[in-house]
Amino acid sequence: MTAWDAVNYVLLAAGLVALVLGYRRSNRNMLLCAGLLLLAFNGVEDFADGFAAGYAGSDAHAL
């Protein structure tokens, strides 16, 4: 299990908990937060891999 797997599981668990609590309390802000957490859970690993590959392949130099 990699560190990204752990981050994905934490985001999934937090999103599901926020989803249940937001629904039971009729709290639209918490439901929005749950949606954003679940969206982040879906794409954080691909984003990080793409960012790292782009950074490693760039030929830009620091000023």
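Numbering of residues begins at 1 and proceeds along the displayed sequence.
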When rounded to the nearest 0.5 angstrom, what distance separates [atom1] in [X] from [atom2] in [Y]?
X: Asn42; Y: Leu39; atom1: CG; atom2: CG; value: 7.0 Å
X: Leu38; Y: Leu16; atom1: CG; atom2: CG; value: 5.5 Å
X: Ser26; Y: Leu21; atom1: OG; atom2: CG; value: 12.0 Å
X: Asp49; Y: Phe51; atom1: CG; atom2: CZ; value: 12.5 Å
X: Leu19; Y: Leu32; atom1: CG; atom2: CG; value: 11.5 Å

Shortest non-hydrogen contact from Tyr23 toward Leu31: N-CD2, 3.7 Å
Asn29: partners by side chain to side chain contact (heavy atoms under 4.5 Å, CB included), with sequence neighbours left out: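 Here the qualifying residues are Asn27.
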Working for side chain to side chain contact (heavy atoms under 4.5 Å, CB included), residues Val7 and Val10: CA-CA 5 Å; Val7 169; Val10 167; 5.8 Å; no
ILVMFWY cluster, Met30 and Val17 together (side-chain gap under 4.5 Å): yes
